[in-house]
*Asks:* 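Quick one: structure below, then a few questions.
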Amino acid sequence: AQSVTQLDSHVSVSEGTPVLLRCNYSSSYSPSLFWYVQHPNKGLQLLLKYTSAATLVKGINGFEAEFKKSETSFHLTKPSAHMSDAAEYFCVVNVPGSQGNLIFGKGTKLSVKP
Amino acid sequence: DGGITQSPKYLFRKEGQNVTLSCEQNLNHDAMYWYRQDPGQGLRLIYYSQIVNDFQKGDIAEGYSVSREKKESFPLTVTSAQKNPTAFYLCASSRGGEGLYGHEQFFGPGTRLTVL
């Protein structure tokens, strides 16, 4: 069975410091992996996606994530947090044969202190 | 300007009433999805449709119904049989078809439903 685990429900950083949001997945197949961001009372916006090309994926707003098959991880990072990064982040997996259906992690809420 | 629209943004319902949430997309996507979001639970799939006139139940379909008469529209009805309908509802679409693997989904802005 496929699953996604976001290891922290809440992360708090200071503006200008690095961000690390952790995600582990479980899949019997080579997955596609995504990170989405959601600001309060808004829809989800795609930050980046991994689909078996380069293992280091660059996304929008300075975010990037590295696919590590040996660790079954897909952690999201950003070198320097901005106040506008405060939001909820979802790690998502999609596997072959799933009819395009996505499996969502429970989300990590990122707070950024001035 | 391509995208997904959902209406209304906020919806209030009395117990025992059916309500219909609208979702429209002009991305020419084949596949459309409905999710329910509750605090701390991520997104859960209600229904999905890979093609016009066809749809499948997701993980939490009980108390909901959908139709897919047009490619661009996928309305969701929350029926009185849904025991706890207060939630944030998100509609999404993707390219669908063969090779669904790897295609991201595009999300609408959501509808917040409150049962009074």
Side-chain angles (χ1 to χ4, degrees), chain A residues 1-10 21 23 25 27-54 57 59-60 65 67 74 87-109, chain B residues 3-10 23 25 27 29-51 54-61 87-114:
Chain A
Q2 285 65 238
S3 66
V4 177
T5 302
Q6 292 185 242
L7 297 165
D8 306 291
S9 59
H10 191 194
L21 305 183
C23 173
Y25 70 92
S27 174
S28 304
Y29 307 94
S30 296
S32 286
L33 293 157
F34 310 84
W35 275 99
Y36 283 85
V37 61
Q38 184 182 32
H39 289 91
N41 294 310
K42 302 289 186 184
L44 276 67
Q45 180 185 17
L46 181 69
L47 277 178
L48 50 82
K49 70 175 183 179
Y50 165 78
T51 55
S52 75
V57 182
I60 62 172
F67 174 71
F74 190 57
E88 189 152 23
Y89 293 79
F90 292 95
C91 182
V92 183
V93 66
N94 172 219
V95 296
S98 65
Q99 299 187 8
N101 293 349
L102 303 180
I103 300 169
F104 287 80
K106 294 189 182 301
T108 298
K109 185 174 182 180
Chain B
I4 302 176
T5 58
Q6 291 185 242
S7 61
K9 186 172 177 64
Y10 298 96
C23 177
Q25 55 98 0
L27 300 168
H29 284 168
D30 287 310
M32 296 187 74
Y33 307 81
W34 273 106
Y35 294 92
R36 170 180 171 139
Q37 186 177 26
D38 297 283
Q41 294 200 42
L43 275 69
R44 293 182 289 170
L45 183 64
I46 304 173
Y47 268 98
Y48 63 99
S49 169
Q50 301 295 352
I51 197 169
D54 187 47
F55 50 82
Q56 308 294 330
K57 292 182 179 180
D59 300 320
I60 56 164
F88 191 52
Y89 290 87
L90 288 160
C91 179
S93 71
S94 71
R95 284 168 50 187
E98 293 295 323
L100 297 170
Y101 169 65
H103 295 321
E104 64 267 34
Q105 292 181 12
F106 296 82
F107 285 82
T111 293
R112 185 165 296 282
L113 173 64
T114 302

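To find a chain, count down the sequence lines: A is the first, B the second, and so on, and within it residues start at 1.
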*Asks:* A/Y36 side chain to B/F107 main-chain N or O, any donor-acceptor pair under 3.5 Å?
*Replies:* no
*Asks:* Of the backbone (N, CA, C, O) and the side chain (C-beta and beyond), which part of A/L44 lies under 4.5 Å from a heavy atom of chain B, both, or neither?
*Replies:* both
*Asks:* Is the count of non-hydrogen atoms from other residues, nucleotides or ligands lying under 6.0 Å from A/L7 atom CG greater than 12?
*Replies:* yes
*Asks:* Nearest 0.5 angstrom please: B/L43 CG to A/Q38 CD, how far?
*Replies:* 7.0 Å
*Asks:* In terms of heavy-atom proximity below 4.5 Å to chain B, should A/Q45 be classed as side chain, backbone, both, or neither?
*Replies:* neither
*Asks:* Is B/L90 close to chain A through its backbone or its side chain, or both, or neither, when contacts mean heavy atoms under 4.5 Å?
*Replies:* side chain
*Asks:* What residues, two or more places apart in sequence or in another chain, satisfy salt bridge (charged side-chain N to carboxylate O under 4.0 Å, His left out) together with B/D59?
*Replies:* none
*Asks:* Show, in sequence, the C-alpha distance, side-chain angles and deciding distance for B/F88 and A/K42, and conclude whether the side chain to side chain contact (heavy atoms under 4.5 Å, CB included) test is met.
*Replies:* CA-CA 10 Å; B/F88 191 52; A/K42 302 289 186 184; over 6 Å; no
*Asks:* Can you tell me which portion of B/Q37 sits under 4.5 Å from chain A's heavy atoms? Options are side chain, backbone, both or neither.
*Replies:* side chain
*Asks:* Which of these, A/L102, A/V92, A/L46, A/N94, sits in a side chain to side chain contact (heavy atoms under 4.5 Å, CB included) with B/Q105?
*Replies:* A/L102
